[in-house]
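In what follows, residues are counted from 1 in the order of the sequence shown.
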Amino acid sequence: MTGFVGRERERALLTERLRGARDGAGRVVLIGGEPGVGKTRLAQEAAGVATGLGMFCAAGRAADDDGSPPLHAVRQVLQAIGAAGEIDAGGRAPDEPFRRNAAVVEAIAAAGAARGGLFVLLDDVQWADPGSLRLLVHLARNIAREPVAVVATYRDSEPAPALRDALAALAREPIVDRIALEGLSEDEVGVQLNAVAGFAVPACVAAAVHRRTRGNPFFVGELGAQLARREVTDADGLPAGVRDAVRARLNRLGGDARAVAHAAAVVGAAAEPALLAAVTGLPLAGVLAAVDEARAARILDGRGFTHDLIREAAAAEVPTTQRLSLHAAAAETLLPGGDAARIAHHLLESLPLGDAASAAAWARRAGDLAVEKHIWEEAAQWYGRAADAGIPERVDVLLARARAQMRAYDIDGARTSLLAAADLARAEGNGEALAEAVLVMEGVSDFLWDPIGHSLTNEALAALPDGDSGLRARLLAGLVVMDVWRVPGDAGRRSLDALGMAERVGDRRALVEALRARQFACSGPDGAEERLALGDRLLAMGAADDDAAMWGRLWRFDAFAQMGQMHAVAGEAAALAALAEQTRSPLCRWHTLRCRAAIAHARGRYREAIALGEEAIELNRRSGHVGSMLPSVGFLMGVQATIGDFEREPEQIVLQYLHEAPSWGMRGMLANWLLSAGREQEARDWYTGLPDVEQVPAFVRLPAASGLIGLAVAFGDTERIERLYDAMLPHADRFVCGGAGVVVIEGPTRLPLGIGASALGRHAEAEAHLRAAIAEAERAGMPGAAATARYRLAHALLAAGGGEAEAAVLARAAESAAGALGMRPLEAAAASLVAERPRSALTRREEEIAGLVAQGLTSRAIAARLHLSERTVETHVQHILTKLGLANRTQLATWFTGLRTADA
């Protein structure tokens, strides 16, 4: 790459990646930086290199104009390679995004193969729609073996949530490189100034330019142009900034061209001559001539302004009254059949000069359209602007905004909006609106909100007319759900009352919420079958209700997890992921992340579980949803304890909410983590005062009991061990996880039962529980739980006395599995459990046969090698198993391998 100041390292990286892509090793390179830093220039230099390598180049640029069609930049790329039709692959099928993305990737890969390599430039993706960004991620996951290079530029100073999510996903892909462009160095600024000005700029001037521009190449270039005209010759006379440079360029235009440029900067219509003619009052021919003049001056190009900084500076030059009038004229011109979002934007920007009622009405219409497209953040913004503009239906607009914020997983924003709506409804004496405000938080459990919600719900119930109604049924159901953090004895009856009312009035939404209340009422381990049936019932209603479909999947996930049916659990998680993609709901995405993380943990993929957990926490932070933040933090603490990673201490996050959150969850969570980290006294301090499991809500009673029994065993609290054992015993056939909102699936309940029984000296019960736990964990495909159960069984056998040989086999097996899974604490504990390996009491012949068994030989093969009968070999094997207290040939092979390793 030549003709470019600086960026040697970045240019070398791009050249290397392009050569590899041409040869079939596909790459994606992301170039980020502030406006004007040279992202596009670097990408264009890369395109020149790609052309020199014989690659075909196709470019697309995202636009920030209101009303820009979805996948705008991608369409430009596909048109360049002659595959524009692929953008509509999938029709209107539910899996349309998946089919479309696959079709686009296939078209790009085919173009790369047919043209000797393909270079794709996607410029300014900070303005790309979420679908385009998801497609970019899909490309990165599917072109590793294709002759395709993708370069995407973006402003890192204004990342939208969709861009942040895409960058996080792309960071995990091995073929992705990320270049963060910074400003030029002082020396490089001097080189650029010399090239632009045409003479050696004094060092003091270069230093001043570097200080004022921070090395931004665009700023430097504009100031260099000033220097070329000798308007500034020293540091004291430097222009104030780019605005001055842009103003000078605009002032050199003729009057009509300057008016058109100013109007285009204000209304964002640089590429729409007809609209510019309408707002400026110039004839269309005059506008076209003005556009040509602005293009010659490199202020405009075929797609708009040559640089956004020029547009921004030009807009800043327009007086306020003129700016408002331009927006009003643009809205009036667009009204006949125009895009609602663009009309709303111009009407709102025309205030206070324009019509506030009309602006608010169009903003609400734009919000409704965004809801139809599942663009929740945009919908919330439009509803907020409509409410701010002031319209008679302000309560309804605030409620619409709160619902959109909920779907966007902006819990803090939703709380603020609904409380504002509740205040207005109360002032107006509107009981139904008050009820609707409270019900915005349906589907979200949050201990910070629930006390407020409880009070508002009772207020709304008192404000509604007596008798059955859909709103009353939903409010009654909501009270059951908000009581989830307590242990109400009448939740079952109250949930049935709400369900009965919903069925009587035939209100579909009320029925969904009443079913949810019923699900919480039977969220204990004995209610898994009923919860599964409730999920089936909700799914049957979900064809026209995304929320119902989401909750139906989640209830089934929870029920199957508690039953230990991991294949079914994985199926529900996959269906939930598809729903999250379809609805673009961050809330559904968070649920998907926590479900996938729980599966990864259960399967022993702990690093993957941590990555998913951290992604979920990032969503929590943005949402302000403490009710989901703390389970996510607790999950990460548990995984850290499992793999022995105690470097990132979570106390501050936990302690932040200690006095607001339920103490049973916070204290138990922290005590277990501290105990695992070897901080026993601190763990004991948190353990002291923990409530009995009967005081814990039903939906977390089983995992709470499991965690408590481990602490009680560690601290010798025999009385509590007995109570916990008795509480868990009726649920011995379940797996340890919550019954409403699974965060982690720990394994069979028989595992903590076996630990408790062993600590109580009930050796036969402990052995039975732990052997069953091993079998159940292996059947479910949970290697970490199986390894833990083997270690605990070895420990129990030694505690019972005898069984040393089998304990050694079990300990070695647990040690080996733990090492492979990265469970360092378990690996160390298993290694030290039987420090002295039992010596063999076998005869020489028996040791010889044991060695051949360990090699995997059958009895027939051993007989042939040792010139014995097959029956004699079988007899020897049985004697060996009896002497060592082993159950089968697999355990014998493990024992012999461990013995030889110890001898070595």
CZ on R792 to CG on L770, rounded to 0.5 Å: 9.0 Å
Exam field: side chain D645 to backbone A641, donor-acceptor pair closer than 3.5 Å: no
F635 side chain near Q640 side chain, heavy-atom distance below 4.5 Å: no
Verdict with reasoning, I709 to R720, per side chain to side chain contact (heavy atoms under 4.5 Å, CB included): CA-CA 8 Å; I709 207 167; R720 172 167 272 180; over 6 Å; no
Residue pair Q405 / R415, side-chain donor-acceptor N/O under 3.5 Å: no
Greater than 12 external heavy atoms within 6.0 Å of E778's CD: yes
Validation row: L471, E432 side chains within 4.5 angstrom (heavy atoms): yes
Euclidean distance, S585 OG relative to R407 CZ, rounded to 0.5 Å: 5.0 Å
Sole residue of V569, V742, L612 in side chain to side chain contact (heavy atoms under 4.5 Å, CB included) with I599: V569
Presence of salt bridge, R750 and D733, under 4.0 angstrom: no
Audit row: E529, R734, salt bridge (charged side-chain N to carboxylate O under 4.0 Å, His left out) steps and yes/no: CA-CA 11 Å; E529 285 78 11; R734 297 299 192 206; 2.6 Å; yes
Side chain to side chain, L461 and L479, heavy atoms closer than 4.5 Å: yes
Side-chain H-bond candidate by donor/acceptor type, R584 with H374, under 3.5 Å: no
Stepwise side chain to side chain contact (heavy atoms under 4.5 Å, CB included) test for L751 and E776: CA-CA 10 Å; L751 177 51; E776 291 176 10; over 6 Å; no
Pair Y687, D717: side-chain N/O donor-acceptor within cut-off below 3.5 Å: yes
Side chain to side chain contact (heavy atoms under 4.5 Å, CB included) between H731 and M728, intermediate numbers included: CA-CA 5 Å; H731 313 298; M728 285 192 294; 5.7 Å; no
Any donor-acceptor N/O pair, R472 side chain to P465 backbone, under 3.5 Å: yes
Evaluation steps, salt bridge (charged side-chain N to carboxylate O under 4.0 Å, His left out), between E608 and R603: CA-CA 10 Å; E608 177 187 341; R603 297 299 192 203; over 6 Å; no
Any side-chain heavy-atom pair of V512 and D547 under 4.5 Å: no
L538 side, atom CG; R518 side, atom CZ - distance, nearest 0.5 Å: 15.0 Å
Spatial distance of atom CD (E765) from atom OG (S758) [nearest 0.5 Å]: 11.0 Å
M441 vs V481, side chain to side chain contact (heavy atoms under 4.5 Å, CB included): CA-CA, chis, key distance, verdict: CA-CA 11 Å; M441 293 292 281; V481 174; over 6 Å; no
R553/E572 salt bridge by N-O under 4.0 Å criterion: yes
Main-chain N/O of G741 paired to D558 side chain as donor or acceptor, under 3.5 Å: yes
From CG (L456) to CE (M482), nearest 0.5 Å: 8.5 Å
Donor-acceptor pair, side chain of S523 and main chain of F520, under 3.5 angstrom: yes
Stepwise salt bridge (charged side-chain N to carboxylate O under 4.0 Å, His left out) test for D497 and R493: CA-CA 6 Å; D497 288 345; R493 176 189 58 78; 3.0 Å; yes
Side-chain donor/acceptor of S706 to backbone N/O of L702, under 3.5 Å: no
Salt-bridge contact R537-E503 (side-chain N to carboxylate O under 4.0 Å): yes
pair L434-L464: side-chain heavy atoms closer than 4.5 Å: no
Residue pair A602 / I745: nearest heavy atoms and the distance that separates them: CB-O, 4.2 Å
From CD1 (I721) to CD1 (I755), nearest 0.5 Å: 10.5 Å
Close side-chain approach of I774 and P748, heavy atoms under 4.5 Å: no
Test: E615 and R594 ion pair at under 4.0 Å: no
Ion pair D165/R589, N-O distance below 4.0 Å: yes
Short side-chain to backbone donor-acceptor contact, W376 and T583, under 3.5 Å: yes
Check: R701 side chain, V696 main-chain N or O, donor-acceptor pair, under 3.5 Å: yes
Any donor-acceptor N/O pair, S417 side chain to G413 backbone, under 3.5 Å: yes
Row check, F560 ring normal vs R531 NZ/CZ: under 6.0 Å, within 45°: no
Salt bridge (charged side-chain N to carboxylate O under 4.0 Å, His left out) assessment of R762 paired with E767: CA-CA 9 Å; R762 303 175 185 175; E767 182 178 344; over 6 Å; no
Criterion side chain to side chain contact (heavy atoms under 4.5 Å, CB included) against H601, the qualifying member of V639, V743, I610: V639
G492 backbone acceptor or donor facing S495 side chain under 3.5 Å: yes
